[in-house]
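Sequence lines set the chain letters: A, B, ... in the order given, protein chains first and strands last, and positions in each chain run from 1. Computed from a prediction, not measured in an experiment: that's the story for all the values here.
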Protein chains: 2
Amino acid sequence: MRIRQLECFRTLMIHGTMTRAAELLSISQPAISSTIANLEHETGLKLFVRKGGRLQPTPEARLFFVEAVRALEAVEKTNRIAKEIRTGKRGHLAIAAYASISINLLPRLMAEFAKERSGLELKIITRNSQSVRELMTTQQFDLAIAELPLDYPTSNMQVISYECQCMVPIGHPLAEREVITPADLDGVPFVSLFKGDPIYQQLALAFSAYGSAWNVVAETEFFSTACELVRSGMGVGIVDPVVSLPFTRDLVLKPFSPAIHYQIALLLPTQEEPSQLAREFAHYLKQHL
Amino acid sequence: MRIRQLECFRTLMIHGTMTRAAELLSISQPAISSTIANLEHETGLKLFVRKGGRLQPTPEARLFFVEAVRALEAVEKTNRIAKEIRTGKRGHLAIAAYASISINLLPRLMAEFAKERSGLELKIITRNSQSVRELMTTQQFDLAIAELPLDYPTSNMQVISYECQCMVPIGHPLAEREVITPADLDGVPFVSLFKGDPIYQQLALAFSAYGSAWNVVAETEFFSTACELVRSGMGVGIVDPVVSLPFTRDLVLKPFSPAIHYQIALLLPTQEEPSQLAREFAHYLKQHL
DNA sequence: ACCACCCTATAGATTTAGCTTATACCGAAG
DNA sequence: CTTCGGTATAAGCTAAATCTATAGGGTGGT
């Protein structure tokens, strides 16, 4: 049994004559005639009686019709879904990400991405960057976002790099500067990330290169926490200009020199082929980060 | 999208390699290879990545697989049902019949007929013979059984004719006879059908031809009622030897001469082609009546 | 009665899916 | 470095589905 035969049969049952069915299917009348003859032969069912030069469906045809329509609709649904998968409207996107990005920026971007893709299932799992990396190897996720550096890098990794900016409270004397350097921050109370963080290490190097005193008054795990401390007047700080942007309301951001690099990585599965959808979203992220 | 492509895809997804799938489908490996390549091209989905000379299904393939299986099962169900329709295991058999036959004989025969045909829907509607005839013209039934004669006969009518037998209570003097004639019943109390019935007319003719006195002590609408009256000792009677047989327990049946004909007709729809099932059952009935 | 019109069936030619066999290629394992 | 298990490509075949052209059957109007 072929799909084409069922299509011809359905159209013929609905519209009554072969000539009309042929028109609707944009084929010639003999094509319908022989296709139906084949269907009758293959199913062993007499579907129509030729009566007065016209066709009359048999009771068997009516019974068969119900099933034929059901099968056709299943096939048509399969076609539709193939298209949805192809255009990224159907699928699932399970993303593992570190805290700062998964709190605000990532969900906003995912929601935007999903807006034009109706059937999408979304999942966001928040873990620290090293756990994120480990989850990916167990194949549980379509995409992961981690901060660099990682203990062991992956082949399927795309790095996004930012230059951090200095953040000061509104009205702070340094808020007027075009660029801020360690010299400007000599002895100024400073909110930093933890000592183990690469940001900490880069800052320490920068201050020592300038011979300035780095007066660290607070250490935090996340930029977002640091933002809040700066906003509360603890001192000045440093922050990445994209991921942490949502937390910098009422703060002034200024370029910092020398460049303090903040790097995050998009990781795709290595064992298994990443889904088209994951690739698309990775591309979307790179454009919006 | 063709059914064959989905079959190949399903087998390949389940068994992992093209070589194995080809074996299971009893075709060559290149056949699978090109069929899958076509499916990928037509759906626009990359279903497998060729990795290390082996195939690895993509996430898209897994999503598509679910739908492909659904569609295939619908098509396979359609094939199965075509076969059931062809072998008469599926369908409906709505039969209109007159009272005597629909009380006992017809349901027994229908049950027997349906025993080997699992999916059958049965309907029995009981009406008097003339109503039965009229119901058939409105296309509501697959088969009708009516007593003859009818007001206007039909082309699509098969007549079954019986010679009625005389029924007497057990121990009645006439119970020993080989054949009973009107001469034997001269003045004997007799239970007959109603005056309008052809049986009544035939009996009246027979008695007058023999010059015997026909002593009708009761008239009934149905043979079954007459049987009960005879069994109760009202007199003797006449009955058809098949349809009314279930009602003649504890009665003795003897051939009657001259022949009293009892005729029933099987009517098939005229406007519309009768279903194969109706034809089969009509044939079955003719053999068992 | 006959012709026009509508419908279906058949014949012969063409295209293409799906199949075959033969063969090349590729990676892993001995 | 060869063998083995697997996949892809090429060339050729068959059958399904399509086309055009044409025949034939019914119905209704003139």
Participant: May I ask you to say what A:A31 touches in the nucleic acid, namely base, sugar-phosphate or nothing, with a heavy-atom cut-off under 4.0 Å?
Facilitator: sugar-phosphate
Participant: If I take atom CD1 in residue A:I27 and atom P in nucleotide D:dA16, what distance separates them, rounded to the nearest angstrom?
Facilitator: 16 Å
Participant: Rounded to the nearest angstrom, tell me the gap between atom CZ in A:R2 and atom P in C:dG18.
Facilitator: 10 Å
Participant: In whole angstrom, give the distance that lies between atom CD1 of A:I3 and atom C1' of C:dG18.
Facilitator: 15 Å
Participant: Output the rounded distance in Å from CZ (B:F48) to P (D:dA8).
Facilitator: 10 Å
Participant: Considering every strand and a 4.0 Å limit on heavy-atom distances, what is the contact class for B:T17: base, sugar-phosphate, or nothing?
Facilitator: sugar-phosphate
Participant: Whole angstroms only, please: what is the CZ-P distance between B:R20 and D:dG6?
Facilitator: 10 Å
Participant: Could you tell me which residues satisfy side chain to side chain donor-acceptor pair (under 3.5 Å) with B:T58, sequence neighbours excluded, listed by chain and number?
Facilitator: B:E60
Participant: Can you sort out which residues in residues 35-45 of chain B have a heavy atom within less than 4.0 Å of DNA chain D? Ascending by number, please.
Facilitator: none
Participant: Quick one: list whatever passes side chain to side chain donor-acceptor pair (under 3.5 Å) with B:Q202, sequence neighbours left out.
Facilitator: none
Participant: Is the phosphate of C:dC19, meaning OP1 or OP2, less than 4.0 Å from a side-chain N or O of B:R4?
Facilitator: yes
Participant: By a strict heavy-atom criterion of less than 4.0 Å, which residues belonging to residues 5-13 of chain A are in contact with DNA chain D?
Facilitator: A:Q5
Participant: Suppose we screen for ring-ring contact (aromatic ring centres under 6.0 Å, His included). Which residues come up paired with A:H261, at least two apart in sequence or across chains?
Facilitator: none
Participant: Which residues pass the side chain to side chain donor-acceptor pair (under 3.5 Å) test with A:E23, sequence neighbours left out?
Facilitator: A:R20
Participant: Mind checking what makes side chain to side chain donor-acceptor pair (under 3.5 Å) contact with B:R86, not counting sequence neighbours?
Facilitator: none
Participant: Any base atoms under 4.0 Å from A:S28, or only sugar-phosphate, or nothing? Heavy atoms, all strands.
Facilitator: base
Participant: Tell me, please, which residues at least two apart from A:Q29 pass side chain to side chain contact (heavy atoms under 4.5 Å, CB included).
Facilitator: A:M18, A:T19, A:A22, A:S33
Participant: Among residues two or more places apart or on two chains, list those pairs meeting ring pair (Phe, Tyr, Trp, His ring centres under 6.0 Å) that have a residue in residues 64-89 of chain B.
Facilitator: B:F9-B:F64
Participant: Sequence neighbours left out, what passes side chain to side chain contact (heavy atoms under 4.5 Å, CB included) with B:E112? Give chain and number order.
Facilitator: B:K115, B:Y284
Participant: Per the ring pair (Phe, Tyr, Trp, His ring centres under 6.0 Å) rule, what does the pair list look like for residues 11-39 of chain B, sequence neighbours excluded?
Facilitator: none
Participant: Should the pair A:R117 and A:F113 be classed as cation-pi, given the thresholds of under 6.0 Å to the six-membered ring centre and 45° from the axis?
Facilitator: yes
Participant: Tabulate protein N/O versus nucleotide N/O from nucleotides 9-13 of chain C, keeping only pairs under 3.5 Å, one per line.
Facilitator:
| from | atom 1 | to | atom 2 | distance (Å) |
| --- | --- | --- | --- | --- |
| C:dA9 | OP1 | A:R50 | NE | 2.4 |
| C:dA9 | OP1 | A:R50 | NH2 | 3.4 |
| C:dA9 | OP2 | A:S33 | OG | 3.0 |
| C:dA9 | N7 | A:Q29 | NE2 | 3.0 |
| C:dA9 | N6 | A:Q29 | OE1 | 3.1 |

